[in-house]
Amino acid sequence: MRFDEIDWDYDVLDGIDAMNFVEMTPVQEAAIPVILEGRDIIGCAQTGTGKTAAYTLPLLDRLMSSPGDGDSVRAVIMVPTRELAMQIDQQFQGFSYFLPLSTTVVYGGGAGSDWEQQKRGMKMGSDIVIATPGRLLSHMANSGIDLSHVEYFILDEADRMLDMGFYDDIMKVVAAIPSKRQTIMFSATLPPKIRTLAKSILHDPAEVNIAVSKPNEAIDQSAYVCHEHQKSGIIRSIFSQPLNTKAIVFCSKKQMVKELAVVFRRMKINAAPMHSDLEQEKREEVMLDFKNGKIDLLVATDIVARGIDIEDIGLVINYDVPRDPEDYIHRIGRTARAAATGSAITFVNAEDRIRFRRIEEFIGREVPKRALPEGLGEGLEYDTSAMTGRGGSKRRSRSGSGRSRGRGRGRGGSRESAGVKQESAGDAEAQQQAPQSVCEQGAGSSRDGRQRRRRRGGRRHRRGGGTGSAQHTPGAANE
């Protein structure tokens, strides 16, 4: 389905064209018509499927169809981390370029002046507030902001917010906004706790499920089963030749991130660490440099495993196996975004073998095992029968002849059709997150010969947590 097949507000359609959006992704095709009808919705989709645009565009259209008084907060979008809040705001900047709507981004960790900017933006009646739970509650308690006119309440990355302990914060915000509203919830997974939350805050929601908890088929997954001391040798082998793509190396511990970043720099690789010990200003600087190509390799904790939309990441390496299978999906989901392909390599040591087998069972496939590079000796056995109690062959990664499976890109996977089920939704680091991203969609969507009116003066934009006034030039799409 094409975006121009929907009867959008004229200026919303201008923004869609400026952002080069042509064809909808499955989650957009399933969710957008439902949201435009005004129904509550609970959506579940894997990372990189364009779910932010699935609620951003219909929200803008509905705000334009019934203009407010200009002095009230009309929509609240709650997200788990500041990085995701900023990314969503970037998308609003593009889509609402021609609209007289304003946004305020509300999150902690910035300069002292950010508090006053956020307070002023909300009290002046920002149309859309994009906020982390804790910071929003602080303003509710101390800034006298009025949420009594909120018409739209959106929870993005709901499962992550519950994992981070924000359930009570969410319910306090729910208690402060009108019960008569449209509520939209998106989550990467739908565990029982999410369905319990949905049952308490949504009214007769439609449910959209797209490829729940499965990695993108375009990701070429593989693993090295190795001793811990062999990991450094594998790293040197992988990065002995130029990658010609951006890459992320994930580690579960901040100390390992710091140590590996030093190793890569000694290898003359333009690498930078990313973890929660960094000041917020430094984290933003690193992510911007990585996005703009000034940094080729990011060594990171799970702080960037979700919600970050960076183009051209062709390789993800799990230096260690993540604790949760869903974290594995989010980590490797940083590559092969939109229609691209990419590779994901995981290092599996003795302690991680059972954990990795659980990941394989979770994703419903066995991840191919690579032969170790020459000179590293023999690897470990990957004996699935001993680990799971079921029949399975023993596997050993041996030193090879240098012809081990390369870092080839996976071929494009199938695109699942989108379906909407009309049914009620029944029943780390605190900052270790930042996405999921809008799939970049086809270029060249402007339609010849069609002239549209522009509202003079564009839109009002109030950045609560940023470093200054935002440029309002339509840019690349971010989820």
Side chain to side chain contact (heavy atoms under 4.5 Å, CB included) assessment of F356 paired with T346: CA-CA 9 Å; F356 193 67; T346 303; 3.8 Å; yes
Q182 side chain to R39 backbone, donor-acceptor under 3.5 Å: yes
D320/R355 salt bridge by N-O under 4.0 Å criterion: no
Ring centroid separation F239 to F264 under 6.0 Å: yes
Evaluation steps, side chain to side chain contact (heavy atoms under 4.5 Å, CB included), between L197 and L155: CA-CA 11 Å; L197 174 63; L155 291 175; 4.1 Å; yes
Given R160, R331, K254, the one that forms salt bridge (charged side-chain N to carboxylate O under 4.0 Å, His left out) with D302: R331
Minimum heavy-atom distance between R135 and Q118, given as atom pair plus value: NE-OE1, 3.0 Å
Polar side-chain atom of T245 near backbone of D312 as donor-acceptor pair, under 3.5 Å: yes
Note, R283 side chain near M274 side chain (heavy atom, < 4.5 Å): yes
Steps toward side chain to side chain contact (heavy atoms under 4.5 Å, CB included) verdict (L315, T335): CA-CA 6 Å; L315 175 64; T335 187; over 6 Å; no
Electrostatic pair R357:E360 at N-O distance under 4.0 angstrom: yes
Side-chain donor/acceptor of N292 to backbone N/O of L288, under 3.5 Å: yes
Donor-acceptor under 3.5 Å (K246 side chain, F290 main chain): yes
Rounded distance (nearest 0.5 Å) linking atom NZ of K253 with atom CG of L260: 13.0 Å
Heavy-atom pair of closest approach, residues P80 and F166: O-CE1, 3.9 Å
Salt bridge present between R195 and E207 (N-O < 4.0 angstrom): yes
H275 (side chain) donor-acceptor with D277 (main chain) under 3.5 angstrom: yes
Geometric class of the F21/F95 ring pair [parallel <30°, tilted 30-60°, perpendicular >60°]: perpendicular
Heavy-atom check, side chain of V316 versus side chain of I219, under 4.5 Å: no
Atom CZ of R323: over 12 foreign heavy atoms under 6.0 Å: no
Donor on one side chain, acceptor on other, Y328 and Q221, under 3.5 Å: yes
Qualifying residues under side-chain contact (heavy atoms from CB on, under 4.5 Å), relative to N349, sequence neighbours excluded: E228, K231, E351, D352
From CG (D40) to CD1 (I201), nearest 0.5 Å: 8.5 Å
Sub-4.5 Å side-chain heavy-atom contact between V22 and F3: no
Nearest non-hydrogen partners of A30 and V208, listed with the distance: CB-CG1, 3.7 Å
R265 atom CZ, neighbour heavy-atom count above 12 within 6.0 Å: yes
Flag, side chain of T104 to backbone of V129, donor-acceptor distance under 3.5 Å: no
C44 side, atom SG; F186 side, atom CZ - distance, nearest 0.5 Å: 10.0 Å
From CA spacing to verdict: side chain to side chain donor-acceptor pair (under 3.5 Å), Y107, D114: CA-CA 9 Å; Y107 57 80; D114 290 345; 5.5 Å; no
Non-hydrogen atoms of L372 and E378 that approach each other most closely: CD1-C, 4.0 Å
Gap separating the NZ atom of K369 from the CG atom of L380, nearest 0.5 angstrom: 12.5 Å
Non-hydrogen side-chain atoms of Y152 and T183 separated by less than 4.5 Å: no
T56 side-chain N/O to T52 backbone N/O, donor-acceptor pair under 3.5 Å: yes
Intermediate values then yes/no, salt bridge (Lys or Arg N to Asp or Glu O under 4.0 Å), K282 and E279: CA-CA 5 Å; K282 180 62 176 177; E279 294 292 334; over 6 Å; no
Minimum side-chain heavy-atom gap M171-S200 below 4.5 Å: yes
Heavy-atom pair with the smallest gap, counting every atom of V249 and L297: CG2-CD1, 3.7 Å
All side-chain hydrogen bond (donor to acceptor under 3.5 Å, both in side chains) counterparts of Q230, not counting sequence neighbours: none
Flag, side chain of D324 to backbone of E326, donor-acceptor distance under 3.5 Å: yes
Derivation and outcome, side chain to side chain donor-acceptor pair (under 3.5 Å), residues E366 and Y382: CA-CA 11 Å; E366 183 175 346; Y382 191 68; over 6 Å; no
Side-chain touch I32/V27, heavy atoms, less than 4.5 angstrom: no
Residue pair E381, R353: steps toward the salt bridge (Lys or Arg N to Asp or Glu O under 4.0 Å) verdict: CA-CA 9 Å; E381 289 185 352; R353 285 177 295 182; 5.9 Å; no
Least distance between heavy atoms, V257 atom then A300 atom: CG2-C, 3.7 Å
Gap separating the CD atom of Q91 from the CE atom of M19, nearest 0.5 angstrom: 5.5 Å
Test side chain to side chain donor-acceptor pair (under 3.5 Å) applied to T132 and R82, step by step: CA-CA 7 Å; T132 54; R82 67 193 77 176; over 6 Å; no
K258 NZ to C251 SG distance, which is reported to the nearest 0.5 Å: 12.5 Å
NZ/K193: more than 12 non-hydrogen atoms of other groups inside 6.0 Å: yes
V321 and I359: CA distance, side-chain angles, deciding distance, side chain to side chain contact (heavy atoms under 4.5 Å, CB included) verdict: CA-CA 9 Å; V321 177; I359 289 173; 3.6 Å; yes
Q28 side chain vs G50 backbone, donor-acceptor pair below 3.5 Å: yes
I77 vs F92 side-chain heavy atoms within contact, under 4.5 Å: yes
Residue pair I248 / I317, side-chain heavy-atom distance below 4.5 Å: no
